[in-house]
Amino acid sequence: MIIGIPKEIKESEHRVGMTPSGVQTLIQNGHSVYVQKTAGEGSGYSDNDYLKVGAKVLKTIEEIYHISEMIIKVKEPLKKEYLLIKEGQIIYTFFHFASSEELTKAMINSKSICIAYETVENKDKSLPLLTPMSEVAGRMAAQQGAKYLEKHQKGCGILLGGVPGVNPAKAVVIGGGVVGTQSAKMLAGLGADVTILDISIDRLRELDDIMPKNVKTKFSSNYNINEAIKDAHLIVGAVLIPGAKAPNLISRDMLKNLSIGTVLVDVAVDQGGCFETTKPTTHKSPTYIIDDVLHYSVANMPGAVPMTSTEALTNATVGYAIEIANKGWRKACLENEPLKKGLNIINGNIVYKAVADAFDLNYTELNL
């Protein structure tokens with residue numbers, strides 16, 4: 001199979017779809033790989049690194065899309081890329097369709113094969129391709145929260161861990177999945193007073209066992225969220241419904257209960273956000289203020305640490321990429337149930353129900 005790796009064009013996105021190591025594995029399996037010039041530089045990989053493992057380097061994104069049977073990316077295609085995608089071409093990347101009707105309709109019109117990293121799902125409900133980026137984003141949420149609590153960043157001016165004789169900051173994490181767990185671990189390590197909420201009692205029991213003493217667990221309900229955030233300095237939104245739009249758990253009206261300079265970090269922004277006031281931001285302009293509450297909602301948080309993120313993502317995606325390339329997408333998905341769940345749009349048909357439901361579009365039951 002001919003595989004193309006374009007340079008990411010999303011603002012401040014420095015990751016690349018595959019490391020030289022991953023590319024070498026694809027080539028060793030008999031496939032041809034074309035990498036766009038300078039695509040890997042943001043992650044620390046030169047064109048020569050790709051050439052050394054047998055890839056070919058092409059100058060433009062147009063050349064990459066034109067020659068390739070499968071495109072391996074990190075982020076969803078942007079408007080500039082829509083018309084470059086060919087009918088029947090496999091696009092293997094993060095899509096987060098439920099947050100963008102425009103993207104969804106563009107991929108329907110392209111009649112491509114859209115395999116979304118975020119909906120590849122194991123039997124135990126874990127998300128093997130989303131997990132490494134969730135781990136990165138969860139840890140970054142704590143880092144960014146700590147930074148934006150500083151007064152010159154428009155935060156309230158509190159140190160997460162406090163000092164002897166002075167109380168630490170209070171942090172609330174909504175969601176006990178991968179993002180929430182990693183956020184809570186980091187916040188606890190920095191000395192904050194942490195409360196983590198989840199709707200699963202079983203998950204709360206697990207968290208109660210593994211978390212340090214400065215992390216308290218709480219069942220997630222509207223009432224409990226309202227009570228928890230009243231005196232919080234930092235709130236992390238970490239709720240995920242695979243493939244679907246995130247629920248709004250903090251409304252605009254609830255902001256009036258928060259103190260001036262409280263920081264909201266919405267890691268669910270890729271799926272529409274779990275705060276009503278969330279809107280996507282960028283690494284260049286990451287925050288905005290509504291009702292004296294600072295919001296951080298960068299839509300590609302792991303893109304800020306590409307040396308870590310690209311390697312972690314490739315480790316997870318390359319095995320499935322080899323299956324797709326070796327067998328073709330249809331046979332690969334027939335034989336691999338988790339990969340099958342990554343199919344979102346096929347030849348103009350939405351085959352992932354949560355995506356169709358997000359925009360009240362036609363859903364076609366998957367039949368391979």
Side-chain angles (χ1 to χ4, degrees), residues 3-29 31-58 61 64-65 68 70-78 81 90-96 115-120 127-141 143-144 178-179 182 186 267 269-270 282-284 286 298-325 339 342:
I3 300 165
I5 301 171
K7 185 172 184 176
E8 298 294 324
I9 60 174
K10 193 179 185 80
E11 185 178 334
S12 302
E13 180 52 73
H14 302 292
R15 289 172 289 179
V16 63
M18 193 69 60
T19 64
S21 173
V23 167
Q24 184 178 53
T25 304
L26 288 166
I27 292 170
Q28 287 172 343
N29 275 265
H31 307 291
S32 300
V33 181
Y34 292 82
V35 180
Q36 187 180 345
K37 186 176 176 64
T38 72
E41 283 189 353
S43 297
Y45 306 116
S46 68
D47 291 342
N48 198 44
D49 291 331
Y50 288 101
L51 291 169
K52 281 179 181 177
V53 299
K56 299 177 178 67
V57 173
L58 297 177
I61 194 170
I64 293 291
Y65 274 95
S68 302
M70 175 163 69
I71 294 289
I72 298 178
K73 280 175 49 62
V74 178
K75 293 303 291 177
E76 74 282 353
L78 299 185
E81 296 166 277
I90 302 163
I91 312 296
Y92 179 51
T93 190
F94 284 115
F95 277 103
H96 299 290
I115 302 177
Y117 293 163
E118 70 273 10
T119 64
V120 174
L127 304 168
L129 306 191
L130 183 62
T131 292
M133 296 303 92
S134 295
E135 290 169 335
V136 172
R139 293 181 176 217
M140 283 191 67
Q143 289 183 193
Q144 298 303 318
V178 176
V179 169
Q182 296 300 320
M186 291 288 284
V267 188
V269 60
D270 279 324
T282 66
H283 289 292
K284 288 184 178 177
V298 174
N300 60 327
M301 288 175 68
V305 287
M307 294 183 73
T308 299
S309 300
T310 294
E311 187 171 354
L313 184 60
T314 296
N315 291 343
T317 59
V318 67
Y320 293 101
I322 290 167
E323 284 201 56
I324 296 165
L339 183 61

pair [X]-[Y]: side-chain heavy atoms closer than 4.5 Å:
X: Leu26; Y: Ile72; result: yes
X: Val178; Y: Glu135; result: yes
X: Ile71; Y: Thr93; result: no
X: Asp270; Y: Phe94; result: no
X: Tyr117; Y: Val74; result: no
X: Val33; Y: Met18; result: no
X: Thr38; Y: Asp47; result: yes
X: Ser43; Y: Thr19; result: no

So, for [X] and [Y], which heavy atoms are closest and what is the spacing to 0.1 Å?
X: Val305; Y: Met140; answer: CG2-SD, 3.8 Å
X: Phe95; Y: Pro77; answer: CE2-CD, 3.5 Å
X: Lys37; Y: Val57; answer: CA-CG1, 3.7 Å
X: Val298; Y: Pro286; answer: CG2-CB, 3.7 Å
X: Pro132; Y: Ala316; answer: CG-CB, 3.9 Å
X: Ile64; Y: Val35; answer: CD1-C, 3.7 Å

*What pairs with Tyr45 under ring pair (Phe, Tyr, Trp, His ring centres under 6.0 Å), at least two apart in sequence or on another chain?*
none
_Partner set under ring pair (Phe, Tyr, Trp, His ring centres under 6.0 Å) for Tyr34, not counting sequence neighbours_ = none
Would you compute the distance between atom [atom1] of [X] and atom [atom2] of [Y] and round it to the nearest 0.5 angstrom?
X: His96; Y: Glu76; atom1: NE2; atom2: CD; answer: 7.5 Å
X: Leu129; Y: Leu313; atom1: CG; atom2: CG; answer: 7.5 Å
X: His14; Y: His283; atom1: NE2; atom2: NE2; answer: 7.0 Å
X: Ile9; Y: Ile61; atom1: CD1; atom2: CD1; answer: 5.0 Å
X: Asn29; Y: Glu323; atom1: CG; atom2: CD; answer: 10.5 Å
X: Leu78; Y: Glu11; atom1: CG; atom2: CD; answer: 10.5 Å

*side-chain contact (heavy atoms from CB on, under 4.5 Å) with Thr308: which residues, sequence neighbours excluded?*
Val136
Between [X] (side chain only) and [Y] (backbone N and O only), is there a donor and an acceptor less than 3.5 Å apart?
X: Gln182; Y: Ala137; result: no
X: Asp49; Y: Ser46; result: yes
X: Tyr320; Y: Tyr92; result: no
X: His31; Y: Ile322; result: no
X: Glu8; Y: Lys75; result: yes
X: Gln36; Y: Lys7; result: yes

*Among side-chain atoms of Lys56 and Ser32, is any donor-acceptor pair under 3.5 angstrom?*
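Checked: Lys56/Ser32 side chains show no N/O donor-acceptor pair below 3.5 Å.
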